[in-house]
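Structure, as structure tokens:
Because the structure is predicted, anything quoted here is derived from the model rather than measured. Every chain is numbered from 1, with letters handed out A, B, ... down the list of sequences.
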Number of protein chains: 2
Amino acid sequence: MTGERRKFTREGEERRREALISATLDLVAEGGVMAATVRAIAARAGVTPGLIRHYFTGKEDLTRAAYRGLMDRMTAENLDVIRNAGADPAARLAAFVAASLRPPVVHAGRLGRWAAFIQMVRRDPAIREVHEATYLNYRDQLQGLIADLPGSRDEGDLRRLAIACNGVIDGLWLEGCALPESFPDDELARIGVAAVGAILGVDLMPHIPDPAAESETP
Amino acid sequence: MTGERRKFTREGEERRREALISATLDLVAEGGVMAATVRAIAARAGVTPGLIRHYFTGKEDLTRAAYRGLMDRMTAENLDVIRNAGADPAARLAAFVAASLRPPVVHAGRLGRWAAFIQMVRRDPAIREVHEATYLNYRDQLQGLIADLPGSRDEGDLRRLAIACNGVIDGLWLEGCALPESFPDDELARIGVAAVGAILGVDLMPHIPDPAAESETP
DNA sequence: CACCTAATTATACACTTGCATAATTACCTT
DNA sequence: AAGGTAATTATGCAAGTGTATAATTAGGTG
């Protein structure tokens, strides 16, 4: 029973990269940066650690790629929500807000992942750029939805309103992820939609979509 | 020139504990959990690593103590803000909101520290308890200020309004810490006070305090 | 089928981490 | 001033980290 070398199959480059990235994101979500060691990542991806350095310059490179992939996926999901919403501006906005304040977006693992990456944002300029771009994109989406509402607002007001609404959403998302059992039913979404409506001077509550509609990956 | 043993003085237990805790908090704020190694902490506290295990069971114990200390300090600061505010309910609320959305509370290092500790909150039940207590205390303070406003609101509404306002504050705090240069002057506080006022149906803007008032430690 | 290339694994290394233990020495007591 | 005690330092260690490099072998090509 001496050393038996492990059998393997040659997968496509893209699949291996994605497997490694996905493993990284999962591990970070579960146990923070601490848990995402090269060995753990490789094991989760069904591979040996050496392969990481075959597809990436090093661990830092992999982490960067993972963050970029995550951000791309998130903005794509947001776009999907807007696309699948109806035509009425108020309903579209309500759907956008509600989607950000319900599972699977509200999810303890997502908060952990977000918290873990925030550290990198400060140190790594490349990451910081991705972060800012994603954040501003989200805010712009929101600002667009607000601009489509009936009534006219000047550009400066529009920006400030978008910042405020974005704040409510982010803050409530945070609280929902950190203390999930504190907000039964769909309370978080209802509070968020009501608050955004109040800030904008529009009653959005009649337009809040049914909770049991869509679902995405955690 | 052989090994010269380092000179030292015997400080009080309380001072040493505080020095170690303070060093831990600073390092976590600067470089995340990663940077807060026993050696770095000891060096920052002007001490050798072994002392950590003399005053604490281990690194985890020190980290827990640091988190508890931080949370205590934060709630104390919040209480100070309320104490130093005037008598008018609207002005008190405006002061409370504004204080949370200005330096030194809005500070990149604080976000990093918060993010670093959030991970622990999920894994360590003791830490989680402290976290929830602090969070609920903050929200209760807020709810009390809201309840003091003119007009009557039932208990359920009060709770929901406090959650929403807390969300705005948290979310804007987050954005302000992450992208400091995006909000010149006192814009963040102004947006926050306006949004909270809108949610509550009260115009708080006339009561927003002058930015150049107080200052605290980062 | 043999061969060649590159995807994959295996091994080794230098470094860091937290912790345990032993050796010192500053300061209090008498 | 002497002595004792506990606060503090010094040293060592096992485990885990990322990375470099060499050894294999899967799978396409002639």
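Of the possible polar contacts, one joining the B:Arg53 side chain to the B:Thr57 backbone as a donor-acceptor pair under 3.5 Å is found.
Using modelled atom types, one finds a donor on one side chain and an acceptor on the other under 3.5 Å when comparing B:Glu175 with A:Asn166. A donor-acceptor pair shorter than 3.5 Å cannot be found between the side chains of A:Thr75 and A:Glu77.
Atom NZ of A:Lys7 is separated from atom P of C:dA10 by 10 Å (rounded to the nearest Å). In this structure, CG of B:Leu62 is placed 10 Å from P of C:dC19, rounded to the nearest angstrom. Per the geometry, CG belonging to B:Leu51 stands 15 Å off C1' belonging to C:dG18, to the nearest Å. Rounded to a whole Å, the CZ atom of A:Phe8 is 6 Å from the P atom of D:dA26. Rounded to whole angstrom, the span from the OH atom of B:Tyr55 across to the P atom of C:dC19 amounts to 18 Å. Between the C1' atom of C:dT8 and the CD atom of A:Glu11 lies a distance of 12 Å, rounded to the nearest Å.
The existence of a salt bridge linking B:Asp186 and B:Arg102 is confirmed by a sub-4.0 Å separation between a basic side-chain nitrogen and an acidic carboxylate oxygen. Between B:Glu60 and B:Arg64 a salt bridge is recorded (basic side-chain N to carboxylate O distance below 4.0 Å).
As judged by a 4.0 angstrom heavy-atom cut-off over every strand, B:Phe56 is placed among residues making no nucleic acid contact.
Remark: B:His54 is in phosphate contact with D:dA7, judged by side-chain N or O atoms under 4.0 Å from OP1 or OP2.
Looking at every heavy atom in both residues, B:Ala95 comes nearest to B:Pro209 through CA-CG, 3.8 Å.
Taking CZ of B:Arg128 as the start and CZ of B:Arg123 as the end, the distance is 12.0 Å to the nearest 0.5 Å. Between the CG atom in B:Leu70 and the CZ atom in B:Arg113 there is a gap of 4.5 Å [rounded to 0.5 Å].
Legend: ring-ring contact (aromatic ring centres under 6.0 Å, His included) pairs involving residues 29-74 of chain B, not counting sequence neighbours, sorted by first then second residue: B:Tyr67-B:Phe117.
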I'd like to compare against my own output: the B/S/- annotation of nucleotides 14-22 of chain D with a strict under-4.0 Å heavy-atom distance to protein.
---BBBS--

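Residue A:Arg6 has its side chain nearest to C:dA10 when only C:dA6, C:dA10, D:dT9 are considered.
Non-hydrogen atoms lying under 4.0 Å from DNA chain D are contributed by nothing in residues 12-24 of chain A.
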